[in-house]
Amino acid sequence: MTVFYVRKENYPVADKKLLLIDGNSITFRAFYALYRQLDNFVSPEGLHTNAIYTFKNMLDSILKQLEPTNILVAFDAGKVTFRTKMYKEYKGGRQKTPNELIEQLPFVREMLTDLGITSYELDQYEADDIIGTMAKKGEEAGYEVAIVTGDKDLTQLASAKTTVYITKVGVGELEAYTPEHMEEVNGVTPTEFIDMKALMGDNSDNYPGVTGVGPKTASKLIQEYGSVEGIYDHLDDITAKKLKQNLINDRDQAFLAKKLATINRESPVEVSLADTEIQAVDNEKLRTFYERLGFKSFLKELGADNIGEKVEDKNYEYSELTQANLSELTSQKSETLSFHLEMLGDNYHLAQFVGFALKFADELYVSDDVTLLQQAPLKAWLEDAAIEKSVFDLKRTFVGLHRLGIEATGLSYDMLLASYLVNNENNSNDLGEIAHLYQDYSVDTDLDVYGKGKKQAVPATPLLFQHLAAKVSVIEKLKGHLLELLKDHEQDGLYDEVEIPTAKVLAQMEITGVKVLPSTLLELENEFATRLVEMEADIYREAGERFNLNSPKQLGHILFEKLGLPPLKKTKTGYSTSVEVLEQLRSQSPIVDQVLNYRQISKIQSTYVKGLLDVIQPDGRIHTRYLQTLTATGRLSSVDPNLQNIPTRTEEGKQIRKAFVPTDPEGYIFSCDYSQVELRVLAHVSGDENMQEAFKTGYDIHSHTAMKIFHLDSPDQVTPLMRRHAKAVNFGIVYGISDYGLSKNLGITRKQAKEFIENYFEQYPQIKQYMDDAIKMARENGYAETLMHRRRYLPDIHAKNFTVRSFAERTAINSPIQGSAADIIKVAMINMQKKLVELKLKSKMILQVHDELIFDVPKDELEIMKRIVPEVMQDAITLDVPLIADSGWGHNWYDAK
DNA sequence: GAGATCACG
DNA sequence: ACGTACGTGATCTCT
């Protein structure tokens, strides 16, 4: 049987649909869609394949949506075209297309041929012109025409018979440009769109239009006069003087731009409509092609007959361990093993044990009886430091085993941590999902195996055992590749000396937990409950009715409709009632303040008082989990509960901290935090002499900045307001400042904010240099990097959309700073833990809050902790400026300041 | 399950 | 002209 890639039947001409694809544009999009996966998509022979792979996925999605009968994929032929002859700067000044992308283009075309799809390029012409010409041919022959591209230029071809589809963010979505949609978006028809472009010029194609004319003016002019020619025929009617003069000055440019913008619909294309008929798939060639590129999932799609033995077999041969045969293991020996402990659910402090799997000496063993782990020889193996163990999620494994009375050592490889360092974009912690990232489909996701929500359940034994066997096998299978990637990224040090040891420290912290007094929280609960009832009553009285205060919708109705306050800001769904808005309305009605107060107390009551009471364990302690492989910057996060956002900014909120106490009733909560760690990191990486000087001398950095940007001679002249402003600028710098953001934060005008920033850059010139370099580096490398080589990929740095690109640029500035600070405190934690053990102290590290470490300290260890903690933290790394850590202590967390 | 809000660094 | 501060998690409402 002949196989076609898409449905092929005999259609009458009227039902024929010609699909024209802009091959370069789609390949380009495909490349950047999986840009961060560049290193993971490499064929056995070393060719990058991310664009080819994504192209195929996009193609599938396009074909499914559009169901064409004929297809042509058009490619650009080369740099020299009739347009460059007309204007030699055409498309000049563009960034060079990466070689990793160029090398993939021929393979995209080869794949198309194998799939039975015609592709075509024409010397001297662009893909656009081929598409324009073929669309015309199609329309004339009575076909329905669909064009797919990532480039809005082609929308000028939209007509009653032709729809232009623009790919949206993500792989599959298309936005349909019909003539009607064009008018909605631009206010002009597809043909008029050419004239609009002629006036505006095109930055990315590098040709100018008329000075000072953007989309708004262009659209207005075209709506009025119909075309460029029309405008110049009626120049005298134009009243705006500047605009008129610009039009006169740039006349030649406008007419040239129109020629450049117009797609040539009469190109000498040698392809006929018959040539675009879909051909039979060449299965043999396609299979060879997929094998060559290492596309396992596509091979699978080709069907069982075609897969052969290339696709991984999901049937693992394993032995089931039982009480009866466990002793047979005793004679076995191995210096390394892979191990997986399966628990159902995220919270491994409480999760149900499901089973385990281990692999050593090429043998797979599985069991659903975790008590076997507590017996010989398994317990001894797990506790033997000389046996190196590979796992997925070291911390989870360590804590799980600890619950079984096993103190694991020799845990040396963690697939989850390795994968997070190599690429932290995908923050899944599912073994299956992560394996899939590396093109290994031999293990299913937990979602597929266990289901979710109410339907979550452990499957029948053979299925479960297969899953466990698959997991432990994949840990071992991908190990070499991941370790190699770490080396390539110069991340082996970060992995071995920072992340792996951090996981062990965190496991210890989580297991220790922190003692929280329910009695203190219960007292607060009563107090707040009374106050909340009173506040509610006051608000209802003021509002004249009862309503649900927690519903922003109902509150918005009361404030902005019933009471007639001015709605200052809107959200997607209605009026905004956020603090930002309410603070501005304070003076207008007493209800506003009442609502603000209510909100504050209500938050503390539900999230902290009640929330924490619910998670105190029978041992009287709270055991959070730190997520080590989640954030984009390398920080930790804390969940179930989050102990990194316990209130500190308001007095009522702070009360919560009184419930956090040391184990020893006479002991101390000891807290030590880095002073201005992010700014110090910035001073270091930027090498800015003025800022370094400030830190070296020990000035108050915000006052120092105030002196600098307000041109003062002495610190005495700095007013509190100046210092506050300077502080906001310092923070803003770290976030990748903008005048708008700063003005909003400080409630000043944009102009003032701009001035602050300009002064700042004048005074700290190397910081400006750092910011520019950070963006440049990210553009060149595709990622930003911390002091310890932690990466954050920033594919959006190439985005055309200003907002999207700007966000990536700010991230390029911020991530190395925030991330390096995160690296540093991790080192401090490791050294601190080591020190506690070395000195045989009973004090425990119990919490980390980004720049702060908190300890549970017995009474008689306070003095030594006061000496060693700040010292260890300050010595975690040597920078060009000193690191300073300040300590505080007390009989509860509230007093430890 | 998404959106709004607000707690932290 | 574009429309913004960087990084998180929990709770509540409402569809």
Side-chain angles (χ1 to χ4, degrees), chain A residues 200 203 212-218 427 453 547-556 569-582 595-596 599-608 610-612 614-615 624-627 630-650 652-654 656-657 673-674 676-678 682 728-729 731-746 750 753 757 784 792 800-819 821-822 825 847-852:
Chain A
M200 284 158 36
N203 259 336
V213 176
K216 294 222 170 107
T217 318
N427 54 18
F547 62 98
N548 187 343
L549 249 173
N550 290 322
S551 162
K553 195 178 158 197
Q554 294 183 36
L555 178 62
K569 207 177 127 192
K570 275 187 152 189
T571 65
K572 279 184 202 168
T573 51
Y575 307 114
S576 168
T577 66
S578 65
V579 190
E580 207 196 331
V581 172
L582 295 191
V595 168
L596 281 168
R599 280 245 181 101
Q600 202 216 323
I601 303 300
S602 158
K603 171 90 177 181
I604 295 166
Q605 181 78 317
S606 60
T607 305
Y608 298 102
K610 292 190 174 169
L612 291 176
D614 284 344
V615 291
T624 184
R625 278 179 300 130
Y626 289 101
L627 304 187
L630 180 132
T631 68
T633 53
R635 273 190 175 182
L636 302 175
S637 86
S638 156
V639 293
D640 288 345
N642 181 357
L643 293 183
Q644 290 181 319
N645 71 346
I646 302 303
T648 183
R649 291 172 192 173
T650 66
E652 282 100 337
K654 256 194 201 166
I656 299 291
R657 295 181 173 226
D673 68 306
Y674 282 117
Q676 306 299 344
V677 62
E678 293 191 347
L682 176 61
V729 180
F731 273 97
I733 291 290
V734 171
Y735 297 151
I737 203 158
S738 73
D739 52 4
Y740 180 88
L742 183 65
S743 73
K744 215 173 76 175
N745 185 296
L746 282 177
R750 243 173 111 157
I757 296 168
R792 176 171 186 178
K800 271 193 178 171
N801 182 298
F802 176 88
T803 312
V804 175
R805 188 180 61 248
S806 302
F807 185 73
E809 289 173 355
R810 290 196 295 276
T811 312
I813 294 166
N814 175 267
S815 289
I817 303 173
Q818 192 183 114
I825 196 162
L847 297 170
Q848 188 254 42
V849 193
H850 310 306
D851 62 355
E852 180 182 12

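Naming: A, B, ... by sequence-line order, numbering from 1 per chain.
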Undergrad: Distance check, P atoms only: B:dT5 and C:dA5, in whole angstrom units.
TA: 14 Å

Undergrad: Measure the CZ-CG distance between A:Arg599 and A:Leu549 for me, rounded to the nearest 0.5 Å.
TA: 8.0 Å

Undergrad: Measuring from A:Leu643:CG to A:Leu612:CG, what's the distance to the nearest 0.5 Å?
TA: 7.0 Å

Undergrad: Once you apply the 3.5 Å cut-off to both distances, tell me the Watson-Crick or G-U wobble partner of C:dC6, or none.
TA: B:dG9

Undergrad: To the nearest 0.5 Å, what is the distance between CG (A:Asn814) and CG (A:Leu682)?
TA: 10.5 Å

Undergrad: Testing the basics here: between A:Tyr608 and A:Ile656, what is the closest heavy-atom pair and its distance to 0.1 Å?
TA: CB-CD1, 3.7 Å

Undergrad: Which listed nucleotide (B:dC6, C:dT4, C:dG9) is nearest to the side chain of A:Asp739?
TA: C:dT4

Undergrad: Using atom P in both nucleotides, what's the gap between B:dC6 and C:dC2 to the nearest angstrom?
TA: 29 Å

Undergrad: Whole-Å distance between C:dT4 C1' and A:Arg805 CZ?
TA: 13 Å

Undergrad: OP1 or OP2 of B:dA4 less than 4.0 angstrom from a side-chain nitrogen or oxygen of A:Thr577, does that happen here?
TA: no

Undergrad: Can a side chain N or O of A:Lys216 be found less than 4.0 Å away from OP1 or OP2 on C:dC2?
TA: yes

Undergrad: Confirm from the modelled atom types if A:Gln644 and B:dC8 form a donor-acceptor pair under 3.5 Å, side chain to base only.
TA: no

Undergrad: What is the distance from NE2 of A:His850 to P of B:dG9, rounded to the nearest Å?
TA: 8 Å

Undergrad: Do you know which two heavy atoms are closest between A:Gln644 and A:Leu636, and how far apart they sit?
TA: OE1-O, 3.6 Å

Undergrad: Taking only N and O in the side chain of A:Gln600, is any of them less than 4.0 Å away from OP1 or OP2 of B:dT5?
TA: no

Undergrad: Considering every strand and a 4.0 Å limit on heavy-atom distances, what is the contact class for A:Ala822: base, sugar-phosphate, or nothing?
TA: nothing

Undergrad: Could you give the distance from NZ (A:Lys800) to CZ (A:Arg805), rounded to the nearest 0.5 Å?
TA: 10.5 Å

Undergrad: Report yes if a side-chain nitrogen or oxygen of A:Ser738 is closer than 4.0 Å to either non-bridging phosphate oxygen (OP1 or OP2) of C:dA5; otherwise report no.
TA: no

Undergrad: Show the nearest heavy-atom pair for residues A:Glu852 and A:Ile825, with the distance to one decimal.
TA: N-CD1, 3.5 Å

Undergrad: C:dT4 C1' sits how many Å from A:Asn801 CG, rounded?
TA: 12 Å

Undergrad: A:Leu742 near the nucleic acid: base, sugar-phosphate alone, or nothing, with a heavy-atom cut-off under 4.0 Å?
TA: base

Undergrad: May I ask you to say what A:Ala728 touches in the nucleic acid, namely base, sugar-phosphate or nothing, with a heavy-atom cut-off under 4.0 Å?
TA: base

Undergrad: With a 4.0 Å cut-off on heavy atoms, is A:Asn745 in touch with a base, just the backbone sugar-phosphate, or nothing at all?
TA: base

Undergrad: Write down the distance between CD (A:Gln848) and P (C:dG7), rounded to a whole number of angstrom.
TA: 17 Å

Undergrad: Have a look at A:Phe731 and say if it touches a base, only the backbone sugar-phosphate, or nothing, with a 4.0 Å heavy-atom cut-off.
TA: nothing

Undergrad: Under 4.0 angstrom, heavy atoms only, what part of the nucleic acid is A:Ile817 near: base, sugar-phosphate, or nothing?
TA: nothing

Undergrad: Is any side-chain nitrogen or oxygen of A:Ser806 closer than 4.0 Å to OP1 or OP2 of C:dG3?
TA: no

Undergrad: Could you list the protein-to-nucleotides 10-12 of chain C atom pairs, N/O on both sides, closer than 3.5 Å?
TA:
| from | atom 1 | to | atom 2 | distance (Å) |
| --- | --- | --- | --- | --- |
| C:dA10 | OP1 | A:Asp640 | N | 2.9 |

Undergrad: For C:dA5, take OP1 and OP2 only and decide whether either is under 4.0 Å from a side-chain N or O of A:Arg810.
TA: no

Undergrad: Could you tell me the separation between the CZ atom of A:Phe547 and the C1' atom of C:dC14, rounded to a whole number of Å?
TA: 17 Å

Undergrad: With a non-hydrogen cut-off below 4.0 angstrom, is A:Ser576 in contact with a base, only sugar-phosphate, or nothing?
TA: sugar-phosphate

Undergrad: Using atom CD of A:Gln818 as one end and atom P of B:dG9 as the other, report the distance to the nearest whole Å.
TA: 13 Å

Undergrad: Could you tell me whether A:Glu852 contacts a base, only the sugar-phosphate backbone, or nothing, with contacts defined as non-hydrogen atoms closer than 4.0 Å?
TA: nothing

Undergrad: Can you measure from CD1 (A:Ile601) to NZ (A:Lys603) and round to the nearest 0.5 angstrom?
TA: 13.0 Å

Undergrad: When rounded to the nearest 0.5 angstrom, what is the spacing between CD in A:Gln818 and CG in A:Asp851?
TA: 11.0 Å

Undergrad: So what does A:Gly736 touch, heavy atoms closer than 4.0 Å: a base, only the sugar-phosphate, or nothing?
TA: nothing

Undergrad: May I ask you to verify if any side-chain N or O of A:Lys744 is less than 4.0 angstrom from the OP1 or OP2 atom of C:dA5?
TA: yes

Undergrad: Does OP1 or OP2 of C:dC2 have a side-chain N or O of A:Thr803 closer than 4.0 Å?
TA: no

Undergrad: Of all the heavy-atom pairs spanning A:Ser602 and A:Asn550, show the shortest one and how long it is.
TA: OG-OD1, 3.9 Å

Undergrad: For A:Lys572 and B:dT5, give me the distance from atom NZ to atom C1', rounded to whole Å.
TA: 14 Å

Undergrad: When you check the phosphate oxygens OP1 and OP2 of C:dG7, does a side-chain N or O of A:Arg792 lie under 4.0 Å from one of them?
TA: yes

Undergrad: Whole Å only: how far is the CD atom of A:Gln605 from the P atom of B:dC6?
TA: 17 Å

Undergrad: Looking at B:dC8, I'd like to know if its phosphate oxygens (OP1 or OP2) sit under 4.0 Å from a side-chain N or O belonging to A:Arg649.
TA: yes

